[in-house]
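This is the structure I have questions about; it appears just below.
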There are 2 protein chains.
Amino acid sequence: MLSKKTKYGLKALTFLAAQKGRTPVQISEIAKHENISQKFLESILLTLRKTGLLGSKKGKGGGYYLIKEPKDIPMTTVMRVLEGPIAMVPCVSLNFYEKCEDCPDEASCSVHKLMLQVRDSTLEVFRNNTLADLVP
Amino acid sequence: MLSKKTKYGLKALTFLAAQKGRTPVQISEIAKHENISQKFLESILLTLRKTGLLGSKKGKGGGYYLIKEPKDIPMTTVMRVLEGPIAMVPCVSLNFYEKCEDCPDEASCSVHKLMLQVRDSTLEVFRNNTLADLVP
DNA sequence: TTATTACCCTATCGATTTAATAGAGTAAGC
DNA sequence: GCTTACTCTATTAAATCGATAGGGTAATAA
């Protein structure tokens, strides 16, 4: 299940990508336009800024803006920042690998085998999509 | 994230599929072999039986067994029973569709557009795998 | 310099889900 | 008729999620 955090983050990023210039957009404007709790959105934009996807400007006329061009922001990056691991189990994760404490042998584990395929196919989708592809 | 319930369920089904005959296997044997809490496994096998994937036999020499051949059990069925919706958001789910209460227009929703692709690629994996494919 | 604006941070909260456990009940077989 | 093993209900602790509240701080315009 996709978390609201990711859902809202994607919507906010898409909204920023759809702006004409790269002038700062206020949180309140994004929240209103996308039907998102403003306070919740604040924390999401904050993490996006800390990860280097967004820049912010304080004071009058301030707000958030994209640092890079939408076409240079792959969905793999966005999803990992917002949702975390792309894999459904840690033992097939590229960036968040962890061994299962049960399961003595990964190579012969049926769950491992299946989830590896799911991870690969999902990854391909995210690799083939940039933020630019999400803008209507 | 894959739930333990699904993980254990898949392992149990694979274990049953790997049996030579279709004679009942005790819960305790499955639990021991796959490192699963027996009581937790009980409830999982129960739902699998209620869904028609497994049969059970009581009394001495009883246990659980597969009703159909492993090659006739597609992963789509198993995953929907154990994990629920395959889609990451209800608005792109085939079997569990629900409209988003935010989001005025699905067609122009960036999240919808992306998650539709993910659902399709994941679905393809599950459609191409039966229980027989998971047996080592 | 001063007032305003808007970002930034911490803490809290209720609701929900998850994973596991306990204990009693019931049906089948020897 | 007694054992075995499945069946069901209830409870629990822990974790996570989504949201809210409230104040602090820095940058900008005037």
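Fair warning: this is a prediction, and the values are worked out from it, not measured in the lab. Each chain gets a letter, A, B and so on, in the order its sequence line appears, and its residues count up from 1.
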Output the residues of residues 76-100 of chain A in contact with DNA chain C, where contact means a heavy atom of the residue under 4.0 Å from an atom of the strand; sort by number or write none.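 The stretch gives none, as no residue of it lies under 4.0 Å from the strand.
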Atom-pair distance (CD1 on A/Ile44; C1' on C/dC9), nearest Å: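 To the nearest whole Å, that distance equals 16 Å.
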Could you state the CD-P distance from A/Gln26 to C/dC7, rounded to the nearest angstrom?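 For the pair A/Gln26 CD and C/dC7 P, the rounded distance is 7 Å.
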d(CG, B/Leu46; C1', D/dT9) in whole Å: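 These atoms are roughly 12 Å apart.
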With heavy-atom distances below 4.5 Å as the criterion, would you say the side chains of A/Leu94 and A/Arg119 are in contact?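 Yes, their side chains come closer than 4.5 Å.
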Derivation and outcome, side chain to side chain contact (heavy atoms under 4.5 Å, CB included), residues A/Asp120 and A/Val92: CA-CA 10 Å; A/Asp120 282 338; A/Val92 298; over 6 Å; no
Starting at atom NZ of B/Lys7, determine the distance to atom P of C/dA19, rounded to an integer number of angstrom.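 Checked: the NZ to P distance equals 10 Å.
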How close or far is atom C1' of D/dT7 from atom CG of B/Leu41, stated in whole angstroms?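 For the pair B/Leu41 CG and D/dT7 C1', the rounded distance is 14 Å.
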Of the nucleotides D/dC8, C/dC7, C/dA6, which one has an atom closest to the side chain of A/Ser56?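 From the listed options, C/dC7 comes nearest.
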Could you check whether any side-chain N or O of A/Thr51 sits under 3.5 Å from a backbone N or O of A/Leu53, counting only pairs where one atom can act as donor and the other as acceptor?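 No, A/Thr51 side chain to A/Leu53 backbone: no donor-acceptor pair under 3.5 Å.
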Grab the CG-P distance between A/Leu48 and C/dC8 for me, whole Å please.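 Whole-Å distance recorded here is 12 Å.
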Does A/Leu45 reach a base, just sugar-phosphate, or nothing at all? Heavy atoms under 4.0 Å.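 Contact class for A/Leu45: none.
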Find out whether B/Lys4 and B/Phe40 are in side-chain contact, i.e. whether some heavy atom of one side chain is under 4.5 Å from a heavy atom of the other.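 Yes. Closest side-chain heavy atoms under 4.5 Å.
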Thinking salt bridges, do A/Lys71 and A/Asp133 make one under a 4.0 Å N-O criterion?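 So A/Lys71 does not pair with A/Asp133 through a salt bridge.
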What does B/Lys50 touch in the nucleic acid at a heavy-atom separation under 4.0 angstrom: a base, only the sugar-phosphate, or nothing?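 B/Lys50: backbone/sugar contact only, no base atoms under 4.0 Å.
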Just by distance, do the side chain of B/Asn129 and the backbone of B/Val125 share a donor-acceptor pair under 3.5 Å?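 Yes; judged by distance alone, with no hydrogens or angles, the pair exists.
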Donor-acceptor pair between A/Glu98 and A/Ser93 side chains, under 3.5 angstrom: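 Side-chain D/A pair, A/Glu98 to A/Ser93: absent.
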Base, backbone or nothing for each nucleotide of nucleotides 18-30 of chain D, written B, S, -, heavy atoms under 4.0 angstrom, 5' to 3'? SSBBBB--SBS--
Can you tell me how the ring of A/Phe15 sits relative to the ring of A/His33, calling it parallel under 30°, perpendicular over 60° and tilted otherwise?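 Correct class here is tilted.
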If I take atom CD1 in residue A/Ile30 and atom P in nucleotide C/dA6, what distance separates them, rounded to the nearest angstrom?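 Value for this atom pair: 12 Å.
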Are any of the side-chain heavy atoms of B/Ile44 and B/Leu82 separated by less than 4.5 Å?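 With C-beta onward as the side chain, the pair touches.
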Euclidean distance, atom CE of residue A/Met1 to atom P of C/dT17 [Å, nearest integer]: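 For the pair A/Met1 CE and C/dT17 P, the rounded distance is 10 Å.
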